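Take a look at the structure below.
Here the structure is a predicted model, which is why all the values come from computation and not from measurement. Below, chain A is the first sequence line, B the second, and so on; all start at residue 1.
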2 protein chains.
Amino acid sequence: MYDVAERSGVSIATVSRVYRNPDSVRQQTRDRVLAAARELGYVPSGNARGLASRSTGVLGLCFPDSSDPDTESEAGESDDDDAAMLYSDQIIRGMERAARRHGYALLIAASLKVGPESLVAKVAGRVDGFAVLARTVPTEDLEVMSRRLPVVMLAGPRESEQLDHLDHIEVANEYGERELTRHLLADHGLSRLAFIGSAEDSPDVAARFRGYRAACAAAGVPVGDVPDLRAPTMTQAEGARAADALLDRAAAEGTPPPQGMLFANDQMAVGALHALERRGVRVPDDIAVTGFDGIPLSRLVRPALTTVRQPMRRMGEAAVELLVQRLAGRNGTGTGAGSDLTVRPGVPVSLMLPVSVARRASCGCG
Amino acid sequence: MYDVAERSGVSIATVSRVYRNPDSVRQQTRDRVLAAARELGYVPSGNARGLASRSTGVLGLCFPDSSDPDTESEAGESDDDDAAMLYSDQIIRGMERAARRHGYALLIAASLKVGPESLVAKVAGRVDGFAVLARTVPTEDLEVMSRRLPVVMLAGPRESEQLDHLDHIEVANEYGERELTRHLLADHGLSRLAFIGSAEDSPDVAARFRGYRAACAAAGVPVGDVPDLRAPTMTQAEGARAADALLDRAAAEGTPPPQGMLFANDQMAVGALHALERRGVRVPDDIAVTGFDGIPLSRLVRPALTTVRQPMRRMGEAAVELLVQRLAGRNGTGTGAGSDLTVRPGVPVSLMLPVSVARRASCGCG
DNA sequence: TTGAAAGCGCTAACAG
DNA sequence: CTGTTAGCGCTTTCAA
């Protein structure tokens, strides 16, 4: 910058102005500066700029390092560029779009190791605010960071009391599963259902199970306090295993098999579809199968999977809107108007995004 | 940082060490610093760090601001969270993965307006190196930036002579379309084909057309010097229009309609599928249809679309590998070993990623 | 091991 | 409209 200033015979302040506020510089001067910059290959340092102005114009997103979900090693056509669009991809897309609208760039990183020097720390230090997928960053670290810049938590409920002040966006897990269950119960007249959860029972899964129970209870159908089965991981392989286990168990106990299997996510449901096919069990004629998430794959499988679709993209957008508002409120700029959601300083926002049941073939609708 | 230093009774230099090189500080001191940092809610400033150390630990990606490809307003189930995974999404995914492996975060931004203060400029100023999708950034700006940091150009051929020194990665467009055409000609015995390009004829499209011509020529099939039709934009709507136009033209001229329509991308081909269906033309029985890209949608449509799959994800990974190597070579670190591709300072790398023909129903294979 | 001091490249008041 | 002058928060020799 000093070089540019010297070469164009102005002060560094003027060079700065040319980039920040071009109209405050005489056309002629501006051209001279720009020309010099070009000749010298000058690229303004975002770092220096950020340091001096205390803002980066960048928003961040941290998500878990989840290695690719398996494909039950059934390696189809989609070896590499598979159609499966991950959660994080959708959120990224939503955030990128919204960020762009507001003139922000997006910095993304999967949390690798923890401790100082984690990618998350790097992100936190380089953005004006960021979103985190639940359970990605240790609570304590999050707490510290959220003291310096706006943080919004995505998917998954408000965590421990430590993080009460964080904005947070989730989807209507409970409601979705409840509606789905009700559909099976009321519209398809099923009555013997099974819910397959996960070992850890993430908050999301727990909420879904609650919805399941609520619907059963409302319909007067007996239902246990815990999922009928908990898969170690929510993968296709485990889904397949779960379906087998459920059927084997019924056979061993001499009880009739369930008429419907409700999986806590699509991945498992898809795996179950395969397992049932292998056993010669017809879906949905013999057993209805449902998932949760609405991943693209759910529409590709045969029978197409009935599921609950989550608006991940909107979640990303909402996250950005929230962050932008927090930032506006922070530096006095903006009154909070112009958006459908208004935040008040100090008052954490909690958004619950609506979901919708996709009735497809696997429950007998398609 | 000063606060942390004071509170823990050390100098700022020590605080710095705790984060950069923990082992160089006595355990006891370290703990004291970390504790203070926690209490104060200290988050190291990436900006200051970057400014002082002249490196950010972030790689960037700039892609075009292409608004969402239309869906021919046929608003199916996929209103919002559609399965369509864009090019950029795949590249982002590939880059993110690779970047993560190397300890980098990824900064992404679609180029909005040009000039100073564009998002691209922001990206360039905040990263150690970045990738650009061809035709996203004005040549001149790119030239300037590439003088300061490594830039790799994605998809699309080497641009003007100005950018000869840039690394660059493309896919085998010509080869792919040639194979595809050969397949239609030789395996399906078609002979009257039509190629639908685009108005601007991007380098990619041009390459595909070359492949088409080459295959035709090799088979002794007459072929024009220019595409049979150029769609204004490569959208579904235009693809539909193109199919109609081609058929109408043949009818008007009293010539037999083409036996195969080769579209320059999947979007158009999908649109054509719809148009043909509306006209009662059977695919592939009456006319074969092919696309290019291998977007997820191509597998969803009926008949499934025969196309050429591009390894976008790998392209993202390759881009990162290239950048990382350039950076390593720059600061002396790393010898360039450890990767399958080795770059030499000053010598631009040019990668051509392989593609594969996906033979599906729309050409009569499925 | 730790501290002191000199910037990194830019913005942001203020003066002119 | 343009120049001056302080820092922004951290890394980094060089000493101690």
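Contact between the side-chain N/O atoms of A:S11 and the OP1/OP2 oxygens of D:dT4 is not found at any separation under 4.0 Å.
Using a 3.5 Å distance cut-off with no hydrogens or angles, the side chains of A:H102 and A:E321 do pair a donor with an acceptor. A:N47 and B:R54 form no side-chain donor-acceptor contact under 3.5 Å, judged by distance and modelled atom types alone.
As judged by a 4.0 angstrom heavy-atom cut-off over every strand, B:V15 is placed among residues making no nucleic acid contact. B:R20 comes within 4.0 angstrom of sugar-phosphate atoms only, judged by non-hydrogen atoms across all strands, and of no base.
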Pairs: protein N or O with nucleotides 5-9 of chain D N or O, under 3.5 Å:
| residue | atom | partner | partner atom | Å |
| --- | --- | --- | --- | --- |
| D:dC8 | O3' | A:R54 | NH2 | 3.2 |
| D:dC8 | O2 | A:A52 | N | 3.2 |
| D:dG9 | OP1 | A:R54 | NH1 | 3.4 |
| D:dG9 | N2 | B:A48 | O | 3.4 |

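Spacing between atom CZ of A:R26 and atom C1' of D:dG3 amounts to 14 Å, rounded to whole angstrom units.
Listed for the B:S16 side chain is no donor-acceptor partner under 3.5 Å among the backbone atoms of B:I12. Proximity of a side-chain donor or acceptor of B:K122 to a complementary backbone N or O of A:G103 within less than 3.5 Å is detected. Looking only at distances, a side-chain donor or acceptor of B:S146 sits under 3.5 Å from a matching main-chain atom of B:L142.
A:E140 and B:R38 are joined by a salt bridge, as a carboxylate oxygen and a charged side-chain nitrogen come within less than 4.0 angstrom of each other.
When DNA chain C is scanned 5' to 3' for any atom under 4.0 Å from a heavy atom of chain B, the first and last hits are C:dT1 to C:dG9.
Sparse packing is recorded around CD of B:E6, with 12 or fewer heavy atoms of other residues, nucleotides or ligands lying under 6.0 Å away.
Tested against A:I108, the residues A:I91, A:L61, A:L59 include a single side chain to side chain contact (heavy atoms under 4.5 Å, CB included) partner, A:L61.
Place A:G46 and B:T14 on DNA chain C by their nearest nucleotides, and B:T14 ends up nearer the 5' end.
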